[in-house]
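Note sheet for the following structure.
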Amino acid sequence: MLSSFSASPARGRGRVRLAAVTLVSGLLAVGALAGAGTAAADEGPQGHGGATATIGGLKTSGPAVIHENGQDLPVSAGLFEMSVDNGGTLQTYCIDIHTPTQKDARYQETPWSGTSLNGNPDAGRIRWILQNSYPQVNDLAALAGKAGVSGLTEQDAAAGTQVAIWRYSDGAEVDAVDPEAEKLADYLQRSARDLDEPEASLTLDPPAVSGHAGELLGPVTVRTNARGVSVTPPAEAANGVIVVDRDGNEVTTATDGAELYFDVPEDTADGSAALTVQASTTVPVGRAFASETRSQTQILAGSSESTVSATATANWAETGPAPALSAEKNCAEGGVDITAVNKGDAPFTFELMGSTHSIEAGASQTVTIPLQEDQAYDFTITGPNGYEKRFHGVLDCRTQSSAGGESTQTLSEPSPATAGGITSTTADLAETGASGATPVIVGVAIALVVAGGAALVLVRRKQTPEQH
């Protein structure tokens, strides 16, 4: 992974670097409140909160067959299990039939807009299937009666449910091998109705704020289905930065809709801080889970009481620009949206993809960085007083069928990159559905950052790009 720029930008100017990487995995957990001073925030734009989990493999499944290009391809279809960070278990089905599941891949709760569900007219039908089949309906006799079969095992129920989902998520021609599982899949596909996307388990909106010391920076609004969230107190009380409500009262707990503010004392040196909120709740059925290792996207079928969290940052300056930066995958536009808000008293200016962007004091702007499917990215935006914000991830917006049948190639582990090109290695891959018979595409993830001028080093005007 490439290092960040270290030189300080001139007053009122910022700069951006887009560094080519082959794959970036995992999420950086943000602490409670960082001390004032130089801050380098690091995040992936799957969303700004919710559950983070590690996939543990296929737990309940049955055989299925994909009919493709005149061939019958065997595959295991069923429920995966994930272990949630800091406690909890999730059950999921996959919504990307041709992409393998990477062993121990890390996943983050993600809006549909950041996955292949974006623009899929049948996404709501998938949610209906999840709510009306196994494991949400664990009375298998009743489920069998609705499907018109004599009986269902857990394996039949899981396989039939996954097959029905694949028909809508991937447009796949796929059948369950077991007759009862196949009849269940047909019933679910036939009966499915369109439902809205479920709300996130926990987010903070917006994920970044800015302003001047001596002000309340915010508000940051809590959005959650939990009864309440805990607000972590300052990591370094000596800095005097605390989290308060609109009346200036210090906050340690909050509920849905609560507005939080960073209270930064007037004499505090220019700097940044981060707050984290955490809760225990069940994650709503139908929430998507995406991985930064190009492991197949999952959709939630069931959740135990699980730990969820969200982070927001604040940046302040006495004079000059005071930027607040956030990122979000935009699958509709095939890229990543960078939103810059400037609450300072001078413009915040930076170059991005060959264009100069200047955010006036008190204004905001969203810039979409175009990326190719499966492209990994890693770039840092810097501002005055040592401010840095790094964004990294992989654009994974399409299934193989929606990508026109192009094969999916992935890595099990991240590998390093160089400024002049991309290095890569070949690794063993877990197979789709964990079936030993599943034909999957093995090889190397190639981030096509050199095509179409996408491999760029973006800096201030009249400044020579640094090579690493």
Compute whether any side-chain donor of one residue and acceptor of the other, for N225 and T281, lie under 3.5 angstrom apart.
-> yes

Between V209 and the options V220, T313, V341, the side-chain contact (heavy atoms from CB on, under 4.5 Å) test singles out V220

Enter the distance from K183:NZ to S150:OG here, rounded to the nearest 0.5 Å.
-> 7.5 Å

Does the side chain of L275 come within less than 4.5 Å of L204's, by heavy atoms?
-> yes

When rounded to the nearest 0.5 Å, the distance separating CD of Q365 from CG of N342 is 11.0 Å

Any I55 side-chain heavy atom under 4.5 Å of T101 side chain | yes

Verdict with supporting geometry, S303 and T282, side-chain hydrogen bond (donor to acceptor under 3.5 Å, both in side chains) = CA-CA 5 Å; S303 169; T282 56; 5.5 Å; no

Once you round to the nearest 0.5 Å, how far does CG of N315 lie from NZ of K389?
-> 9.0 Å

Atom of T276, atom of S309 and distance for their closest heavy-atom approach = CG2-CB, 4.3 Å

Between the side chains of H98 and D170, is a donor N or O closer than 3.5 angstrom to an acceptor N or O?
-> no

For G218, does its backbone N or O pair with a side-chain atom of K343 as donor and acceptor, under 3.5 Å?
-> no

For the residue pair T52 and Q108, confirm or rule out a side-chain donor-acceptor distance under 3.5 Å.
-> yes

Would you say the side-chain atoms of S306 pair up with the backbone N or O of S304, donor to acceptor, closer than 3.5 Å?
-> yes

Write down the atom of P323, the atom of S210, and the distance for their closest heavy-atom approach.
-> O-CB, 3.7 Å

Does some side-chain heavy atom of M82 sit less than 4.5 Å from a side-chain heavy atom of T92?
-> yes

Please report the closest heavy-atom contact between L325 and A340, naming both atoms and the distance.
-> CD2-CB, 3.3 Å

Roughly how far, to the nearest 0.5 Å, is SG of C331 from CG of L117?
-> 9.5 Å

Residues T110, F289; criterion side-chain contact (heavy atoms from CB on, under 4.5 Å); working and verdict = CA-CA 5 Å; T110 305; F289 279 79; 5.8 Å; no

How long is the span from the CD atom in E305 to the OG atom in S280, to the nearest 0.5 Å?
-> 3.5 Å

Audit row: L58, L79, side-chain contact (heavy atoms from CB on, under 4.5 Å) steps and yes/no | CA-CA 6 Å; L58 198 62; L79 271 174; 5.6 Å; no

Are the side chain of Q296 and the backbone N or O of D96 linked by a donor-acceptor pair below 3.5 Å?
-> yes

Can you tell me if E373 uses its side chain to pair, donor with acceptor, with the backbone of R398 under 3.5 Å?
-> yes

Sub-4.5 Å side-chain heavy-atom contact between V336 and N330 = no

Is the closest side-chain donor-acceptor distance between Y107 and S295 under 3.5 Å?
-> yes

Please step through salt bridge (charged side-chain N to carboxylate O under 4.0 Å, His left out) for the pair D186 and R167, ending with a clear verdict.
-> CA-CA 10 Å; D186 289 343; R167 292 173 182 174; 2.8 Å; yes

Identify, with sequence neighbours excluded, every residue that meets salt bridge (Lys or Arg N to Asp or Glu O under 4.0 Å) alongside E68.
-> none

Check: D247 main-chain N/O paired with D245 side-chain donor or acceptor under 3.5 Å = yes

Say whether, by atom type as modelled, one donor and one acceptor occur between the side chain of Q136 and the main chain of Q131 under 3.5 angstrom.
-> no

About how many Å separate CG of L90 and CD of E81, when rounded to the nearest 0.5 Å?
-> 9.0 Å

Dump the intermediate steps for side-chain contact (heavy atoms from CB on, under 4.5 Å) on V244 and L216, then the final yes or no.
-> CA-CA 8 Å; V244 300; L216 295 183; 3.7 Å; yes

With the side chain counted from C-beta on, respond yes when I299 and I126 share a heavy-atom pair under 4.5 Å apart, and no when they do not.
-> yes

Decide, yes or no, whether a salt bridge links K329 with E292 under the criterion of side-chain N to carboxylate O below 4.0 Å.
-> yes

Test item: T224 side-chain N/O and S201 main-chain N/O as donor-acceptor pair under 3.5 Å | yes

Under 3.5 Å: donor-acceptor pair, side chain of T368, backbone of G335 | no

Nearest non-hydrogen partners of D156 and E180, listed with the distance | OD2-CB, 4.1 Å

Across all chains, not counting sequence neighbours, the side chain to side chain contact (heavy atoms under 4.5 Å, CB included) partners of A192 are R125, W128, I129, Y168

Which is it for Y377 and F391 under the ring-ring contact (aromatic ring centres under 6.0 Å, His included) test, yes or no, and what are the steps along the way?
-> CA-CA 8 Å; Y377 56 90; F391 302 103; 8.7 Å; no

Any Lys/Arg nitrogen of D256 or R223 sitting under 4.0 Å from an Asp/Glu carboxylate oxygen of the other?
-> no

Side-chain donor/acceptor of Q375 to backbone N/O of V394, under 3.5 Å = no

Can you tell me if T366 and T339 form a side-chain donor-acceptor pair at under 3.5 Å?
-> yes

Assess whether salt bridge (charged side-chain N to carboxylate O under 4.0 Å, His left out) is satisfied between D194 and R127, documenting all intermediate values.
-> CA-CA 8 Å; D194 189 40; R127 186 186 178 194; over 6 Å; no

Specify the closest pair of heavy atoms between R106 and S291, including all atoms of both residues, with the distance to one decimal.
-> O-OG, 3.1 Å

side-chain contact (heavy atoms from CB on, under 4.5 Å) between D374 and L395: does it pass, once the steps are laid out?
-> CA-CA 5 Å; D374 296 335; L395 189 72; over 6 Å; no

Using a 4.5 Å cut-off on heavy atoms from C-beta on, say whether the side chain of N132 contacts that of L143.
-> no

Results of side chain to side chain contact (heavy atoms under 4.5 Å, CB included) for T297 - residues two or more places apart only | I95, T115, D396

Centroid-to-centroid, F80 to Y93, below 6.0 Å?
-> no

Between A164 and A185, what is the shortest heavy-atom contact and its length?
-> CB-O, 3.7 Å

Does E199 CD have over 12 foreign heavy atoms under 6.0 Å away?
-> no

Residue pair T253 / V231, side-chain heavy-atom distance below 4.5 Å | no

Kindly say whether P198 contributes a backbone atom to a donor-acceptor pair with the side chain of R287 at under 3.5 angstrom?
-> yes

